[in-house]
Amino acid sequence: MDARRFVAEKTEEIRQAVGENRAIVALSGGVDSAVVTVLGHHALGNQLVAVFIDDGLMREGEGAMVAGAFADEGIDVEILDRAEEFFATLTGLTDPEDKRKAFRDTFYKTLGTAVSDSDAKFMLQGTIAADVAETKAGVKTQHNVLEQIGLDPGSYGLQILEPVRELFKPQVREVARELALPESISERMPFPGPGLATRVVGEVTPERVATVRAATVIVEEELAELRPFQCMAVLLSDRATGLRDGGRAFGQIIVVRSVESNDALTATPTEVEWSKLRQIQERICAEVPGVVKVLYDLTPKPPSTIEYI
Ligand code: XMP
């Protein structure tokens with residue numbers, strides 16, 4: 001693929017398709033939707049509405065990072081603060097599938113409202129070739145966000161454009177570099193749609209997300225130099241007795257997970273140096289309130305998955 005030619009062709013295609021209308025794009029912070037947003041902006045300028053749904057399940061500073069990176073591109077991202085709604089629907093849920101469904105329903109409801117409010121006739125989506133293949137193979141539910149919830153995009157008066165659907169992830173990253181997106185986006189690790197909720201076993205509450213978010217900062221900082229495919233912190237629902245402040249404390253357990261993979265379909269644990277693991281443990285116990293135990297996950301995929309719910 002010639003990235004420069006790809007950018008020129010897709011920009012022209014989007015411009016032709018959208019004409020004088022408005023288009024909307026929902027940014028996730030990931031590289032796929034970022035590339036599509038910049039292509040859309042090149043093609044449409046102010047006719048493109050870019051929204052970022054802050055579900056309260058993002059990593060530390062993610063909304064600000066995304067808004068900042070796009071402001072540098074001259075793109076105004078509207079941040080929709082919907083954390084309260086997401087936490088309300090997740091309250092009391094502990095079953096992984098129930099949690100995923102609650103997340104999905106709230107996400108689509110929020111997106112549907114944003115689409116109606118925007119008056120857009122087109123929606124740009126960061127579907128990539130792997131999404132299409134996984135949909136066909138039945139691994140993923142239908143990748144098209146509106147069809148996923150059984151909605152005909154036409155019922156919103158919307159036409160979907162998927163400018164990167166022929167590309168695989170490494171090519172999307174190439175296009176991101178061609179578009180001069182910052183490395184923090186072009187080389188960004190995959191991060192799941194339901195965010196930190198996939199890394200909180202048991203009930204997802206603001207407090208529990210805050211714990212896993214603080215531990216995530218440490219894991220990402222410490223492992224950055226190893227450039228793992230994906231690394232994360234996970235909060236278990238079990239607890240363990242530890243010693244804190246001179247007494248016994250029945251505290252939280254954090255799992256550190258880091259994996260190597262090409263396509264996320266299989267994965268192996270990163271071989272992290274013992275001294276590095278000790279450093280991560282010390283920092284998490286010292287800096288994240290309530291944590292008394294830190295574990296490293298040695299399990300490949302399969303039999304594990306990468307995420308925890
Ligand atoms: P698992 O946990 O199934 O994850 O081994 C495989 C890859 O997919 C990501 N992942 C998701 N991505 N929505 C997403 O957009 C999801 O619900 C979801 N669940 C898992 C995961 O981070 C890994 O890269």
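Numbering of ligands and ligand atoms starts at 1, following listing order. Note that the structure is a prediction, hence the values are computed from the model and not measured.
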Which of the atoms of ligand 1 are close to [X], meaning less than 4.0 Å from one of its heavy atoms?
X    : result
T305 : 1 (P), 2 (O), 5 (O)
Q230 : 21 (C), 22 (O), 23 (C), 24 (O)
K301 : 1 (P), 3 (O), 5 (O), 6 (C)
P194 : 13 (N), 16 (C), 17 (O)

Here's one to test your reading of the geometry: is the NZ or CZ of R257 within 45 degrees of the ring axis of Y308 and under 6.0 Å from its centre?
no
Distance-only N or O hit between ligand 1 and I306, under 3.5 Å:
yes
Below 3.5 angstrom, do we get any N/O pair linking R100 and ligand 1?
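R100 vs ligand 1: N/O contact under 3.5 Å present.
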For [Y], is there any backbone N or O sitting under 3.5 Å from a side-chain donor or acceptor partner on [X]?
X    : Y    : answer
Q47  : N21  : yes
R100 : I309 : yes
K99  : V204 : no

Identify whether the distance between the nearest side-chain nitrogen and carboxylate oxygen of R177 and E183 falls below 4.0 Å.
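The answer is no: the pair does not qualify as a salt bridge.
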Closest to atom 12 (N) of ligand 1 by heavy-atom distance, out of S261, A264, A267, P192, is P192
Can you confirm whether more than 12 heavy atoms, excluding those of E12, are under 6.0 Å from its CD atom?
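Yes, enclosed.
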